[in-house]
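All chains are named by letter (A, B, ...) in the order of the sequence lines, taking the proteins before the strands, and each is independently numbered beginning at 1.
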Amino acid sequence: MARMKFICDAERCIECNGCVTACKNEHDVPWGVNRRRVVTLNDGIVGAERSISVACMHCSDAPCMAVCPVNCFYKTEDGVVLHDKDLCIGCGYCFYACPFGAPQFPQAGAFGVRGKMDKCTFCAGGPEKDNSKAEHEKYGRNRLAEGKLPACAEMCSTKALLAGDGDVLSDIYRERVMRRGRGGDLWGHATAYGRPDAKATGPILQSIPQKS
Amino acid sequence: MMKLLILLTGLVVLAGCGEQPQTITAKPGTSAAKADDVPYGEGKSFADRNAWQLQLRARADNQNEYKRVN
Amino acid sequence: MNRLFALFATLLMALAAMAALAQQSSGPVESPADLAKQEQQRSVTQPYNNAAIWKNARGAVEGYVSIPAPEAGVLIQDGGQNWRALRNGWFSVIGGWALVAMMLVIGGFYAWKGTVQLHDSPTGRMIERFTLLERMAHWGTAISFSVLAISGLILLFGKTLLIPVIGFTLFSWLAILAKNLHNFLGPLFIISCIITFIVFVRDNMLKAIDFKWIASFGGLISGKHVPSEKFNAGEKLWFWGGLMLLGLVVGVSGLVLNFPNFGQTRATMQLANLVHLTGATLFMLGALGHIYMGTLGMAGALDAMKTGVVDESWAKEHHEIWYDEQLKAGNVGNAGKAVAPGAKSPQPVAIGGHD
Ligand code: SF4
Ligand code: SF4
């Protein structure tokens, strides 16, 4: 069974924000809502600058799911965390709980009243009929149903951002690391996909055993 | 009365021991209120789940430029 | 009694400590500049080793991001997981069972004592106890409190208790209603709390006599009568500890959550939520007791808040010092005719139609 994941390779990301733009365009995401963003650490410091593209990581034991008061989240058979906007009440709890700051809220009234939550769907839409008008209006395009992968990763020019079945991605990444000879940091994976023995405060790095 | 109150406070604190496990064990493929639509089967783009998965796998593998360039 | 207070204080502090814990991010935090320097050296000596970059990735540093949203530059925030564990765990489990326990205690107490009736028969001479303004302030607060309590409980426990019964769609409507009521009545509740505070503060000053009342637990144990002013120490405790203190706690934390458009961070909102939960639970526990004493527990108390007047004997029995003052001031028997305390319900007064 496939387990859909994202990988962002900090050695490759050039902070072009192409993934952000692709996502906004693919799903007609409204103003103020950004399903994906690129964060640059040590900006401008030569040799220490790294960029990471981050969106919903589709966590295994998803905190957003755990705190939603109306239980509107669900997980597909492929491990994609989706939600039902018809049920969402816009309370913002998923936003408090999410480690990656993925849930977004269009402002739906005065004083910052939150509208229905919006987040990365791994280009898999929502509970409506695949690629129906209703689904497109609420969640954007359903690329997965068309046999395609998330637009952000597929158009990434440096292939820093990878999306798809975790096994395939590991193979790609392993090959990369082998060619580099060292360095197998997988950013965010321990937080999102966890390790059974890892405590909440455990290390964030999950290293792939290196050959050579 | 005093003893009763202390006893009760104790009981209330003890109630914390009934804490539920915090792990979400959502049944995969189940939606909260509606069933999620799948892209395979009768009249859909893919014959069965396997065909769909194979397509996605091939697509994921395409992200490996070492395979594509050489 | 003092020991009991100490116990409650400890409990409160423990909760606060847990809430504070939720804010801590893990691991030692090194300064971003140091780490950047380390990484620069490392990129020469050990290329591809990015450990120094990721050391602070869990919320300690904010990177550059082109999106002008608060905290968009934070890669991972740790507090969310702790908040989730505390909210779904200790806070809701203890709070929920505490409410159930309180209801059982009150039920048991009612079975034991029943409604406290007047010993003397009512004289029919009425005294004004609450002015119209006082009653309006009280009921404004009471009604908004009840709506807030019920909607809050729906949002916290509905997922476990209601969804299995009424289903997802219906519960979602209920939750949207609850959320909107909660968000819009919240500020109103704060205002009515302030009005109630101003209206009642003069009669709620703590005096030496109150400590005597507390020491004998309102004469509950000894059965001996303790005279009290317009408000007895129990009522004053509810005024200061409930209306004022908990009102402040719940009000401030509620405002932090209600208006997310001031750029407050998630850590602030997580803490505010836990404080809000704690305060609201204590508030509801107190309110259960207060409502019991004002309705089922004590004959005549509800009528006093409904009509504003009480019978002479009721005043003498429950608030002797206040009664003596009223007697001296010549106020006894001045107030309009009202129902005798303990009688069923007031007869509706026909408006007009008498010619
Ligand atoms: S990244 Fe956030 S929104 Fe996505 S599954 Fe995890 S907790 Fe939920
Ligand atoms: S904002 Fe919507 S999805 Fe998020 S926790 Fe609240 S109801 Fe659930």
| query | Salt bridge between Arg49(B) and Asp78(A), side-chain N to carboxylate O under 4.0 Å? | reply | yes
The interface call for Glu146(A) against chain B, heavy-atom contacts under 4.5 Å, is backbone
CG of Asn64(B) to CD of Glu175(A), rounded to nearest 0.5 Å, is 4.5 Å
Between the CG atom in Leu169(A) and the CD atom in Gln63(B), the distance rounded to the nearest 0.5 Å is 6.5 Å
Comparing Ala58(B), Pro39(B), Ala51(B) against chain A, the one with the most heavy-atom pairs below 4.5 Å turns out to be Pro39(B)
Walk me through it: do Glu77(A) and Gln53(B) pass the test side-chain contact (heavy atoms from CB on, under 4.5 Å)? CA-CA 11 Å; Glu77(A) 273 182 272; Gln53(B) 296 279 307; over 6 Å; no
Ranked by heavy-atom pairs below 4.5 Å to chain B, first place among Arg176(A), His83(A), Glu135(A) goes to Arg176(A)
| task | Measure from NZ or CZ of Arg179(A) to the centre of the six-membered ring of Tyr66(B), then state whether that distance is under 6.0 Å and the direction lies within 45° of the axis. | result | yes
Between the CG atom in Asp167(A) and the CG atom in Asp61(B), the distance rounded to the nearest 0.5 Å is 11.5 Å
Among residues 150-161 of chain A, those lying within the under-4.5 Å heavy-atom range of chain B are Ala153(A), Glu154(A), Lys159(A), Leu161(A)
Looking only at heavy atoms, the pair that brings Ala60(B) and Gly164(A) closest together is CB-CA, 4.4 Å
Result for side chain to side chain contact (heavy atoms under 4.5 Å, CB included) between Leu56(B) and one of Leu144(A), Asp165(A), Val168(A) points to Leu144(A)
